[in-house]
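Right, one structure below, let's go through it.
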Amino acid sequence: MEAPPVTMMPYLLQRSVLDHSLESLIHRLRGPCDNVEPETFLDHEMVFLLKGQQASPFVLRAPCSMDRAGSPWHVRSLGQSEMRNKNCHALVQNCVDIATSENFTDFLMEMGFHMDYEFVAKGHLFRNGIMEIVVYKIYCILVPGNTDNTEAQSFSYLEELSVVAPPGLDMVSDAMRNFAEQLKPLVQLQKLDPKRLL
Amino acid sequence: MGVTCVSQMPVAEGKSVQQTVEILTRKLEMLGAEKQGTFSVDCETYHTAASTLGSQGQAGKLMYVMHNSEYPLSCFALFENGPCLIADTNFDVLMVKLKGFFQSAKASKIETRGTRYQYCDFLVKVGTVTMGPSARGISVEVEYCPCVVASDCWSLLLEFLQSFLGSHTPGAPAVFGNRHDAVYGPADTMVQYMELFNKIRKQQQVPVAGIR
């Protein structure tokens with residue numbers, strides 16, 4: 001069977017804010033975002049690796065909601081990010097999202113994947129039309145598999161502005177940049193090259 | 001999905017695969033079953049690439065990726081005697097990305113295609129199993145739609161199977177196993193198809209004279 005083509009990609013702008021600026025940021029976001037209460041979320045995300053003789057292992061991310069019973073498992077494969085397009089103000093990353101049944105972790109182990117690391121993400125989700133803005137804190141899991149025993153990884157919250165759209169649409173990144181301008185100087189959302197962070 | 005039994009119908013003596021399928025479908029129509037479109041189930045086999053084996057330190061495994069026209073937005077991936085994963089069709093895209101780690105076994109695709117019949121609360125699908133251009137056998141799937149617990153309806157299902165399969169009626173599927181009281185699901189049907197396809201792969205090809 002032919003694999004269906006992937007036609008939609010996430011555009012991404014990211015930055016972080018210190019803990020003491022969180023309330024101001026949430027207050028600022030309520031203005032331009034949709035006039036509904038922001039959703040809160042609590043996710044447990046696991047990152048799996050499959051190693052071969054290739055230069056880099058294959059990575060799969062599996063976030064799972066901890067506060068919404070019955071939510072489907074969701075697995076994501078992130079591919080190459082497009083940084084060379086100077087006209088695009090956002091990071092565009094090749095991404096495949098797969099909804100799966102609950103036994104995905106057992107199945108991945110059977111395929112030969114092993115879990116590299118896991119963490120808990122807790123935060124808020126805002127929407128502005130098709131834009132999604134998440135502000136969340138990452139918590140390290142102190143005992144593997146025990147999501148009740150966590151510790152904040154840093155004194156800051158990560159903010160991500162994302163839009164899922166077909167690739168090559170500069171107007172999408174322009175709209176994202178215009179939205180990000182409204183949040184300055186509280187936070188300066190940027191196009192971050194993930195390779196430079198490693 | 002109701003409790004389902006998938007079995008193989010042997011090709012009738014002196015007849016071709018197509019002729020046997022026609023005999024079976026005529027019996028169903030005489031019983032009063034109504035045609036309701038077509039169906040297909042396909043299966044692609046992947047094995048762990050040699051480059052991945054060394055790092056895992058384990059023997060290569062076969063992974064089956066299957067599709068069922070009853071669930072057009074879903075993809076089923078399973079290991080023999082292992083877990084069965086149900087995912088959306090982006091799983092096929094993932095397999096393309098994983099081609100350096102999992103390779104499709106040569107000429108491994110096997111599928112069954114045929115007609116769906118509804119007879120009261122039963123759904124019957126009679127299909128021709130093919131590998132490439134050659135017909136390799138006949139699959140018969142019978143679903144008793146109102147019931148999802150095998151132990152509650154196996155006797156009724158068996159009686160219905162006997163009414164048109166006669167002496168070729170199969171025994172209780174292995175997937176029922178010790179799980180007679182568990183809720184039956186689509187994954188159980190796909191496991192049955194995987195076992196059927198593996199059995200047909202191992203069988204000798206149907207004689208050329210028998211293929212129309």
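- Heavy atoms from other residues, nucleotides or ligands lying under 6.0 Å from CD of B/Gln36 number more than 12.
- The shortest side-chain heavy-atom distance between A/Leu50 and B/Leu98 falls under the 4.5 Å cut-off.
- With rounding to the nearest 0.5 angstrom, the CZ atom of B/Phe101 is 10.0 Å from the CE atom of A/Met111.
- Shown here is A/Lys122, whose NZ atom has no more than 12 heavy atoms of other residues, nucleotides or ligands within 6.0 Å.
- A side-chain contact (heavy atoms from CB on, under 4.5 Å) with B/Pro83 is found for one member of A/Asn103, A/Leu108, A/Thr105 and no other, namely A/Asn103.
- Using cut-offs of 30° and 60° on the angle between ring planes, the pair A/Phe107 and B/Phe79 is tilted.
- Heavy-atom pairs under 4.5 Å with chain A peak, among B/Gly82, B/Ala77, B/Cys75, at B/Ala77.
- Closest non-hydrogen pair, A/Ser101 versus B/Cys84, comes out as OG-O, 4.4 Å.
- Residues B/Leu85 and A/Glu110 fail the side-chain proximity criterion, which asks for heavy atoms closer than 4.5 Å.
- Under the 3.5 Å distance criterion, the side-chain polar atoms of B/Asn90 are left unmatched by any main-chain donor or acceptor of A/Val96.
- Most heavy-atom pairs under 4.5 Å with chain A: of the set B/Leu78, B/Asp88, B/Leu94, this distinction falls to B/Asp88.
- At most 12 non-hydrogen atoms from other residues, nucleotides or ligands lie less than 6.0 angstrom from CD of A/Glu102.
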